Structures are given as C-alpha cells and as structure tokens.
2 protein chains.
Amino acid sequence: MDNVVADLSQDRSRLGRSSTAERVADILRDRISEGFFRPGQRLSEESISEGLGVSRNTLREAFRLLGHERLLEHRLNRGVFVRLPSVADVSDLYQVRRVLEGAAVRREPTERALTLIKEAVSDAERAAAQDDWQAVGTANIRFHQALVSLNASPRIDEAMRQLLAELRLVFHVMENPRAFHEPFLDRNRALLGLIESGRPGEAAAYLDDYLDHAERLLIQAYEPSR
Amino acid sequence: MDNVVADLSQDRSRLGRSSTAERVADILRDRISEGFFRPGQRLSEESISEGLGVSRNTLREAFRLLGHERLLEHRLNRGVFVRLPSVADVSDLYQVRRVLEGAAVRREPTERALTLIKEAVSDAERAAAQDDWQAVGTANIRFHQALVSLNASPRIDEAMRQLLAELRLVFHVMENPRAFHEPFLDRNRALLGLIESGRPGEAAAYLDDYLDHAERLLIQAYEPSR
DNA sequence: CTTGTCGAATTGTTCAACGATTCATATGTT
DNA sequence: AACATATGAATCGTTGAACAATTCGACAAG
C-alpha cells in the first residue's frame, strides 16, 4: 500500500497543474520555443485571446507568467513581445552556464545522472549520423540539462530549463543553427570521458574552454543580425 | 549630444517600471519580507483588492508575479498562501548557495565588489555591537549578496535576490533568528580575509564548511516548528 | 525638416456576473 | 459511535463589457 501512495505522489504535480492561464502559458511557451512566434514579434491580446478562445484577462495572466521566464517582454501600454535577447544577454547566459555547469562537473557524478548524460551524447551522435540537425540540437540541450542535474538541486534544474529556453530564442534569430551545434559533438563526448574517469579539475577546465569558445562563436554569428 | 543620449538610456528603466499590478506586487513583496504576512497565511483576493483599492483582476496579476518568485503558493480553487518552505526547500536553497557563492569566491574579486563586501562585514559588526539584530540580519544578507556579485552576472544577482527573499520566509518561522545570525559574524570576517589575500581554494573550502554548518543549524531550529 | 495636432488602435484597469470548487456543518444510515 | 452523504455558504476561476490612458502614425503648420 505504501509504495502505491508513493507512486501517486509523482502524478500529483500534474494534478494541480490546471488553470486556464497556465495551460495557455504552456501553449505559448511551446509556440515560442518552436519558433512559431519569432523573437521581436508582438503578441496582440485581442487576436490571441480570440484565437485561443480565452478572455483577455486570462491571457494577460499567462503573459505575466512567461514574462517572468524572460520569454516575453512587457512594454507598458505597448503590449507584449517575444523577447529578443541582446548580445549582453547572450554573454550573461553563458556566464550563468559557466557557474552552473562548472559546479556540476566538479561533483561526484551519480549513476542516474551519468546514464542520462551518456544517452544524450549517444542520441546526438546518432542524430548527426542521420543528418537530423533538429534532433542534434535537442539532444545537445538534454546533454547540458543532464550535466547540470549533477548539482542535485531542483531549483538549479528549473533555472537551467529557463536558461536553455531563453537560449533557444537566440538560435531562432541565427541563420543556420545546425552549423553551430556540429563542432560540439566531439567535445560533449570528451567531456563525458573526463567526468567518467573522475578528473573533475580537468573536466572543469575543459568545460570553461568549451563555453568560451561557444560563446564567442555564437555572438559572432548573432551580432550582425541585430 | 551623444553622451547626453547615452546618459538618458540609464533612466529609461525607471520609465517602464510602472503598472498597477507591478506596484501591487512590490507592496505585497515588502509586506511578506517584513513578516506582516506570515508564512502559511492565506491572502484573500477580496479583502486585499478592497484594501488596496485595485480590482481583483489586477491583484491576481500581482499574485502570479510573486508566485513565480516562490513567495506565494497558488492552490487551485483555494487561493494564494504565503509560502511555507519545507525542510527539503531549505536544503535546496543551501545547495544553490553552495553553487552560487562557491563559484563567486573562486573568482578574481573586483575592486567594486570587494568594497561592498567589506562594508557589509563592517556594518554587521557595528550593528552587533549595538545589539541591533535586525540590522545584523540585513547586513548579513548584503554580505552574501555582495559575495555572489563577484560572479558578475545580472541573472545570478537576480536569482540570489529571490533566494534570499525565500530564505527570509524561513527566518520568519523561527523563534529567534538573532541567535542564528550571531555565530557567523566572525566567519564572514574570516572569509573576507581569505578572499582578499587571494586564496580562492581555501576560501571555497571554508565557505563549504560555513554553509554546511549554517544549513544544519537552520534545519535543526526549523524542523520542530513545522 | 522639425514641431504640433488629431484620431484610430491597443493596452490598462475596473466591474459585475455566473459556474465550479472547497470546506464545514448537518443529516442520515448502519 | 462511526461513517457516509447531502446541504450550503464562501471563495476562486473565468468571462465579457466598458471606459480611461497611452501609443503611434498621418497630416498640417511653422
């Protein structure tokens, strides 16, 4: 009986998860993340509330939620816009990654997390072999998400989720994100090796170089289009 | 002319910062942080909207904002409550602190940040000498906020602000928070010394011990009252 | 080319209403 | 007495309409 109850507690989070505003937020978040709503685009209260069949008030509640996740930008009396991150934003995102991922690789990896990391690396390589660069991108994101989970902190996991969602905005402004992800496949594999073999110092150093390189490349490809 | 425009752009942030919902959120945040609204307490939409002279819709927008900051808890069809952190929450908060503050002390300190840290330490000691434990608490918070600012990341600064606000909820449930802060005055001073003298490794180790100790003490004082 | 003015469009905020849900109380059954 | 069910008040969730405030482009005047 006890384990039945314990199992149920996992579904519990899904139970509370219903309110029209939150469901609307979920929909909009997906739309933004898939690039249907482009960065910089204005989201009209009238057309969207009408399109989704919810009242303006409810839609505004959803807007507030996404604004706090930095996916939307609220400009007073002018409406909400899909966030268009500045170069400074990109730099800061990578600064946060340096902290979160850096702390992660210094920790003793758990079996559970290590499995997730390995899967993500393999999935990315498999997708690359099939020229499915969309899948490479998502697997790459899973890799870093799994890395950060080494910190064993729900709040940090959540922060990383938001950070990666924000980073997707940047990718949507780039001309070809596929070219950006490719060079990092080998590095992911190498980083995994350093973690597995228990050399946190080297892993941290390697990661720093990794992130420096990625940031420079990303900003270089991003700057012109602003 | 150019520098005039550049100067103005700094004031720009103040321009956008007004909407009734956000101002209401500011008020509620202050009330919660000062303990006027106690953890666990329910905030009635009707009485508060009436008391503040705003509509229920606007108040609900404010509630959403604070919910995302984890200061309020939204239970469907039951209303919003001032968050009452669990012991697991406290542990996680300290886990996050280990990551954010740990990364901070490993960095080369800037002059600006170092000044802020020194001021916070001195202020805390001065307040302690005058038995003003309220002031000791806020100075202590400023100390850790300044520490984290070594990471040179606006997003991390913001995350730390929220984290400390959440931690204040915990303090409001304790019987005497003053006794909790006192033993850490000397440690703050010692940590500052390690940072100033450029020994990041030792500083990080000292900090880990610091946080472990603080977490244990806090949970010990917190557990019974739940 | 800059500066003022007007008006349409959109957002900000309020209000009233009604269905849905929760919780406490009362009622009834075994 | 213990448990199940029904009842009802209170509150939340959501809607739709309304009006004030603000933005922004167009156009006119200097």
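Not measured: the values here are computed from a predicted model. Residue numbering restarts at 1 for every chain, and letters A, B, ... go by the order of the sequence lines.
When distances are taken from the side chain of B:Asn57 to each of D:dC12, D:dT23, D:dG16, the shortest belongs to D:dG16. Comparing D:dT14, C:dT14, C:dT10 by their closest approach to the side chain of B:Val54 singles out C:dT14. When each of D:dT22, C:dT11, D:dT11 is scored by its nearest atom to the side-chain atoms of A:Asn77, the top-ranked nucleotide is D:dT22. Listed candidates were D:dC24, D:dG13, C:dT13. Nearest to the side chain of B:Glu45 is D:dG13.
An OP1 or OP2 oxygen of D:dG13 is reached within less than 4.0 angstrom by no side-chain nitrogen or oxygen of A:Thr20. Contact between the side-chain N/O atoms of B:Arg78 and the OP1/OP2 oxygens of D:dT11 is not found at any separation under 4.0 Å. Here A:Thr58 reaches the OP1 or OP2 of D:dT15: one of its side-chain N or O atoms lies under 4.0 Å away. OP1 and OP2 of D:dC12 both lie 4.0 Å or more from every side-chain N or O belonging to B:Arg60. Using a 4.0 Å cut-off, some side-chain N or O of B:His74 falls inside it from OP1 or OP2 of D:dG13.
Residue A:Glu50 contributes atom CD, which lies 12 Å from atom P of C:dT10 at whole-angstrom precision. One interatomic measurement links the two molecules: CD of A:Glu61 to C1' of D:dT14, which rounds to 9 Å at whole-angstrom precision. The distance between atom CG of B:Leu76 and atom P of C:dC23, rounded to the nearest whole Å, is 11 Å. Here C:dT13 presents its C1' atom at 16 Å from CG of A:Leu59, a figure rounded to the nearest Å. For the pair A:Arg75 CZ and C:dT10 P, the interatomic distance rounds to 16 Å; values are reported in whole Å. Protein atom CZ of A:Arg42 is 9 Å distant from nucleotide atom C1' of C:dA9, rounded to whole Å. Between A:Glu22 atom CD and D:dC12 atom P the separation is 16 Å, expressed in whole Å. To the nearest angstrom, C1' of C:dT14 lies 15 Å from CG of B:Leu52.
For B:Tyr210 and B:His144, the gap between ring centers is short of 6.0 Å.
Using a 4.0 Å cut-off between charged side-chain N and carboxylate O, A:Asp132 and A:Arg126 make no salt bridge. With respect to A:Arg155 and A:Glu158, no salt bridge is recorded, no charged nitrogen being found less than 4.0 Å from a carboxylate O. The residues A:Arg64 and A:Glu61 are annotated as not salt-bridged, no charged nitrogen and carboxylate oxygen being separated by less than 4.0 angstrom.
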- prompt: Hey, mind stepping through A:Arg42 and A:Arg78 against side chain to side chain contact (heavy atoms under 4.5 Å, CB included) and telling me if it holds?
  reply: CA-CA 9 Å; A:Arg42 174 167 152 271; A:Arg78 298 190 43 204; over 6 Å; no

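For a distance-only test at 3.5 Å, the side chain of A:Arg56 qualifies as a donor-acceptor partner of the base of C:dG12.
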